[in-house]
Structures are given as C-alpha cells and as structure tokens.
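Here the structure is laid out as structure tokens; the discussion comes afterwards.
This one's a predicted model, so the numbers in the text were calculated from it and none came from an experiment. Numbering of ligands and ligand atoms starts at 1, following listing order.
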Amino acid sequence: HVSSPKEVESKRMDLPIVMMEQEIMEAIYENISVIICGETGCGKTTQVPQFLYEAGFGSKNQSSRSGIIGVTQPRHVAVLATARRVAFELGVGLGKEVGFQVRHDKKIGDSCSIKFMTDGILLRELQNDFLLKRYSTIILDEAHERSLNTDILIGMLSRIIVERQKIHEQQKEYEVSTGKMISPDKKIFPLRLILMSATLGVEEFVSGGKIFSNPPPVVQVPTRQYPVTLHFSKRTDVVDYIGQAYKKILSIHKRLPPGGILVFVTGQREVEYLCRKLRKASLELTKRKSNENNVVTNEDTCKEFDMKELDEAFKMENNQQTDRFSSYDEDEDHCDTSEDDKSFGSDEESDLEEVVDTVKDSVTQDNEFGNVLEGNHNFDALKAAFEALSGKTTLDCKSDSDSTQQSTKDGSPGALSVLPLYAMLPASAQLHVFEEIKEGERLVVVATNVAETSLTIPGIKYVVDTGREKVKNYNSSNGMETYEVQWISKASAAQQAGRAGRTGPGHCYRLYFSAVFNNIFADFSTAEILKTPVDGVVLLMKSMGIKEITKFPFPTPPEAKALCEAEMCLKSLEALDYDGNLTPLGKAMSLYPMSPRHSRMLITVIQILKHGNGSARKNFILGYALAAAAALSLSNPFVMQFEGDQNENVISEHDKFKKRKLREKSKTSLAKFSNPTSDALTVAYALQCFELSENRVEFCDENSLHLKTMEEMSKLRKQLLHLELLWTYGKMDDVERTWMVYSNKHPLMLNEEELLGHAICAGWADRVAKRVRGVSGLSEEDRKVHAARYQAHKVKETVFLHRWSSVSRTAPEFLVYSELVERKRPYMHGATRVKPEWLARYSGYLCSFS
Ligand code: ADP
Ligand code: MG
C-alpha cells in the first residue's frame, strides 16, 4: 500500500483529475494508446504516474505491468519539479521509487518505478533498446507543445507499441502451440503509450490514421475552471509592452482585491528587468505608506526592499543572460526604454480597455466586480453579451467578496513579493513560486512561457499577457538562426488566461487590441520541427535503420528543404555517403549524445591522437577537446550585455556607472582567457580556471562569467568524460588528472592548438567563411561597425565577426563558425581560425570562394 501524509492526500483529492482515475485506468487497460487532455494544473503530470503505480505498474513482480513508468517532458525545469513533487506525495525518496534524468543530471536507483526525464533522454535510450523493454508505460507529456523530440517520439512509439504487441502475441502463440514456457526474462509484454496535453490540439494530429492505425481514445478531464474575464487593451503598444505591463501590474495592485499576479514576458532579461522595477516600486509604496500613516516602519517589509537587495538584484541580472547570444549583442535592450516611474502612484488609469469575453461558460455578473474593475464599463451591455454567449447565468463570486472587503479595509496596498521564473533560473530559485507568501503581501510572478503549461503556480488571480514570445527561427537556406519576438498563438493566449482561473474567478489583461488577436494571432504555435535544423534527428533515424526519412510518421513532416539541408550537412561531416547511407563514421557519431558536429569533432581528435605518441600530452589534449565540445554546446558565458549606448539617456547615473564597470571587467576577463585562434578554446580555458577556482561564485563574479552557464558546461564536460566510447584510447582518470592541473598561462602548445582547430574544422566544415578585405564602398552605417567582414560559404550577404570574438584581433583569412545569428547584422559566433590546407580536405569549400 502506498502511504502519504494526510495533508498531501487531501490536496491530491482536490485535483480534478482524481475524479477521473477510474475512467483513465479503464481506458489504459483497454487500449495500448490513450490521450489525456486537461487544463494545466488539473493534475496530469503528478497524478497519472501515481495512478499507474498504485495499479501495480512499475512493480518488480513479473507480470504484464512490470517495467518502469517513463514520463517525458520537453522542459528540463518540469522534470525536476515534478519528480520531486511526486516523490514527496508518495512519501518516498527521490532516486528510490521515483527517479529523474536530464542531460546533465540524474538521480535514479535500481528500485525505480517512475522515471521522469526529458524527451531527449528517451530518444537516446531508444537507440540502445528499440523496444524499450525496461518500460511498461511511456507517458509523453505536454504533447501540445510540439517539441521536436516529443514529435519524433510520437512517431517512433506509434510503431513500437504495435511491435511490442506483435511480439507478445507471437510469444503467446508459441507457448500454446509448443507447450513450452518462455523464460520470464525473455518475455515481452505490450507497451502502453499515453499522450498528455493541455489542449485538444493533439487529437487533431494523431487522429488522421497516418500515425496510429487505431486512433487512441481521448479522455478529457473536466476542470473546475473559474470564469476569467478578458480585458483587451484598446490600443496596442508595439514597442513598450514591458512598460505597459509594469503599469498594469501596479494598477491591479493598487485597485484590485488580493490575489497573485502572473505576467508573461519574452525572455530572461525582460523578467529580471521587470522584477527590478517592481521591487523598486514596492519599496516606494511601502515607504510612502509608512510616511502617510505616520506609523513606525514595519522593519520586516522595509528590510526586504532595502538598497542592498536592489543592488543584489542588479548584480544578479548582470550575471544572467537572456538567451544564448545576448552577451555579444549591441542591441536588443528594449526593456531599458520603458522607464516610467512618474506614472507610479498617480490615480489616472491610462489604459483604455475593453472587456470582451469570459473564458468558459459561466458568467460573471456582479456588482462586486463593479468596484473591482476599472470603472467605466457598461455592465448591462456586458451582461447581455455574456448571456447571449452562454445562455445562462451563474453567480460564483463567493470567494471574491471576502477578499474585496479585505482590500478596502486598509485602503493602501502592501508590499509586492516579486519572483522571477524562467528556464535558466537555478532550480532552487524556481521552486520559490510554490512557497507561501507573507501575509499582506501580493505575489507577482514575472515569467517566460515556462509558466504557460508546464508549471502551475498557486494563488494566481490576475494574468497580464503581453502577447509576445521570443522564438528561435532557423532559416534553412542560409543556416541562419534568429531570435525574434513574435505574437503568441491564440492557443497560448488561452492557456495564459486560464492560469488566472485556477483558484477562483480571475482576470486576464491582454496588452493588445482585440482585432490584433482576432486577425493576426495564429491558432496554434508552429511545431518545432519546422523551425530547427534536423541533422541530429536524421542521423539518429538513419542509425536506427530508418532508411527513408520521408516515410516516417511525423506528426508534422519537416520541410523537404530542411531534410535536404540536413543530409548535406551530414554528408559534409562524412556521416553519410554520397547515396545518403550511414557510414561507419556516421554510426560512431550517432552513439554520442550530442549534435553530429560535436561528435565529429571529438572523433577527429581521437583519430589524430591514436597515431601520435606522448601519452601525458595526449590526455591533456583530449581533456581540452572535451571542454571545447562542452563550450561549443552552450551559450557564450562571458557577460557583457550592457554593450551599446543607445539607451543611456534613460538609465540612471547609478546604472550607468555599473554598466561601465561591467564592460571594463568583461574586457579584462576576456583578455585573460583569450586564445587568439578560437573562441571555443578561450571558453575551454576559462572553464578550466573555473573548475580549479576555490570559490566558483566569486570567480564568475570577478571574471564576468555567467555562473549557471559555467556550471552546466562543467557538468557537460564531466558527462562527456564518462562516455565509455571515448576510452578505447585513453584512460579517463589520467585525462582528468592532467586537466585539473593549474596553469597560469595559456596551457596549449601551438601544434596542439592546431590539432584542436583541425578537429573543430572537421565538425563545422560547411560553416566556413573567408575574410573580405578593403572598405571602399561601405556605407556610413557599415563603417561604424567595428567588426570584420566575411563572406560565408553558401550565404549571400556579408557576415561579421564581432569584436568581442577572441579571433577578431587577428581576423584570419579563413575561419569556421558555429552559428550565424542575425541581429542588426549577421554575426558569426564561436569562431575558430582554420588553415586552407585543412579546408582542402573537405572538397568544394575552397573553390566556392574563388
Ligand atoms: P498538470 O500536469 O495537469 O498541469 P500538475 O500535476 O503539474 O498538473 O499539478 C497539479 C497540482 O500540483 C497543481 O495545483 C500544482 O500547483 C501542484 N504542484 C505541482 N508541482 C508542484 C511542486 N513542485 N510543488 C508544489 N506543488 C506542485
Ligand atoms: Mg503537466
């Protein structure tokens, strides 16, 4: 029997999905694949694995239910948070019955019954065991997000469940016809597949019969969604949506009853910026309150928002990056333009707003809401509209009336408890959103779309929806990646609004005009497979013996052009031969849990070292290669995001000073680690010093390095070090020993640099660029750019080498780069100098420059 604390048990009982346990389990018994749909927060992720567990799935006893219950998530964050939660609810230790695995981290024991993992991890496991024999059930969670890996898993698992069933039947037949028993460890039982989703969109793409010959039944979890009133802005501020969000949050705080506020912005930098502004505002608010009332300052409240904390917040922000490449950029500082402290505290409510709709069918008609909403609405008209919409009227404002009284008791609002939430935030900080807040304070969570469906934050009553998200787009024709702020989809907007109605009636403020929503927003977000390069996926599929990629049951097939690009890339890496068949090198590459480029690079290093002698240096080079591979897998860790001056006029003197300091520090730090031949080797050296430092936090602070990126990189390096594949030619411990020896000058010898450069060249052979000399005919705009100009293979426009790149001082004739990122102009990231003779080995690339 499964025991769990009383309190947890009663909370569990309250979740909508608990009512559906029987129906869900029956569907699972009767079908090998099932779709479960239910609003975010209804309990899918935490409860369904427990239903299965309680029904004996995941047990060790030999039966059709033995085998692990595997749960995949597209997001790293959700894996950690839910594994922990489920272990807690079951009253077991994490790493015992409940385990997890993400790329750099795992806690999994022999007694594991429920395993949470990212979709990428399961995809890798498939390579070693195509039938997933260790598992009794696979749950693919958040299928509506359409992540690349989950999409591929849906396609693969649709075939695997059929295969497992077939083998099972054959075994049964064999036993009946021969009278012999198959030994228990050889027995194959059917695998069950459960797709979970927050929207019904999933049904649409799996019901066509193309993926599942027997379309899985859909179990829908009815949710107790309270009505959420939608407020559209009457105008759309195309630039300063952060400023609009700031104003809206303060006006909600000043006028509306208690209840948490959740605001969605596009990226980490916006999150941190808005948090900082809101903390400042809260500090002023509490100060003013104490002055007005002429009462003794409440020490607790004030302490929390004193200057030291602001300072910390500022430091923290500087130590974070928005996304992979922000540190390089001179632009994209849109949040710094929204300084608008003056509006704070004034009584005017600037935003014209229309209340358009109420989510779900129940209607909010009430006088109580009259003083809740910002005045001037025609409630009779609204009521009529609601009645026309839903045909019924319900009153469900009980929980709201007491809170209204509460807010008017004191008249002035209390402090804000402001919390950030984004994927790169350390796990422990992420979990703060689940903690109770102090009485009298209002929770404000500033989040990226992480909070849209994968995490449910308790106590949210108001949602502020900026309508934007940052999307990585990939242009397969020139290999360029861009980060763009785009409108979200209607499905996303609905999800965000839904977050306001979990614990009671709520409000969603959409900071854009309703016509924009109706006419411009797409219905659903685009599947990731249409937006990213698919070389890794193609290699993985080829290594699994899938010859004709175009016949694979993709939920959304990738564009023919993208598949073609991937094949070309794999051919240039020599993973595929001219006919598109997997080469032995390609097979070896597919076994590495990394992109084909990285595995090509490491394999090249190993091949070269195999022929040389001098084992101590060999170990050292191998260690360095692992670090360089780790460096090339993650974003640039050097923090210099305050580059660029265009917004200086709206930044305070204090900020300006800090900004200048930071820039100076960054420059010194870069110079200290700089390897003039390669950005990757520069970062590798910084990583070595980081790992040897006594205090890593201080080290990062002193050297303007992003702590979390460095930690991830260190973990990744160690993970690579433990790859058994590498150790046919060297000893792991020896490599580690040579790596962990401190050297206070750049430790690589010239020929070693070249060796590593050559290996990097092999992995990025098709991303080669040639220097463009001479500046005649440049526009004024171009002249201002202190960046070297290059012509890249297969790219029409001129590309640039940023002055922050460590190779920029010499601006070599030829280089390979890891990515092209389009900002104001296309920049090459992760550059490494290469020699023409290395390039000559990869036929064709040199002549393309003649
Ligand atoms: P769904 O997957 O349907 O979105 P979940 O199973 O994730 O729902 O969440 C169910 C409930 O459990 C929610 O109310 C959520 O707030 C709570 N919950 C989930 N994870 C945690 C956690 N790590 N700590 C505290 N509460 C949590
Ligand atoms: Mg979930």
Does anything in residues 91-102 pair up under side-chain hydrogen bond (donor to acceptor under 3.5 Å, both in side chains), and if so which pairs, sequence neighbours excluded?
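Listed by first then second residue: Q101-K115.
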
Identify every side-chain donor-acceptor pair in residues 19-30 under 3.5 Å, counting partners at least two apart or on other chains, and give the distances.
from, atom 1, to, atom 2, distance (Å)
Q22, NE2, E26, OE2, 3.3

Considering only non-hydrogen protein atoms, determine which one is nearest to atom 6 (O) of ligand 1 and report residue, atom name and distance to 0.1 Å.
T46 OG1, 2.6 Å

For atom 1 (P) of ligand 1, what is the closest protein heavy atom, and at what distance to 0.1 Å?
G41 N, 3.4 Å

Looking at V444, I261, V263, which hits side chain to side chain contact (heavy atoms under 4.5 Å, CB included) with I252?
I261

Is it the side chain (CB and beyond), the backbone, both or neither of E39 that lies under 4.0 Å from ligand 1, heavy atoms counted?
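Within the 4.0 Å criterion, E39 contacts ligand 1 through backbone atoms alone.
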
Enumerated ligand 1 atoms positioned under 4.0 Å from heavy atoms of K44
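Those of ligand 1 that fall under 4.0 Å from K44 are 1 (P), 2 (O), 3 (O), 4 (O), 6 (O), 8 (O).
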
Taking the side chain from R502 and the backbone from I460, do they hold a donor-acceptor pair closer than 3.5 Å?
no

Under 4.0 angstrom from atom 17 (C) of ligand 1, is there any protein heavy atom?
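It does not; no protein heavy atom is within 4.0 Å.
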
Are [X] and [Y] linked by a side-chain donor-acceptor pair shorter than 3.5 Å?
X    : Y    : answer
Q496 : R499 : no
S147 : E142 : no
E270 : Y241 : yes

Identify which protein N/O/S atoms are less than 2.8 Å from the Mg ion (ligand 2).
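Result, waters dropped: T45 OG1.
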
Who pairs with S197 by side-chain contact (heavy atoms from CB on, under 4.5 Å), at least two apart in sequence or on another chain?
C37, H144, T199, V202

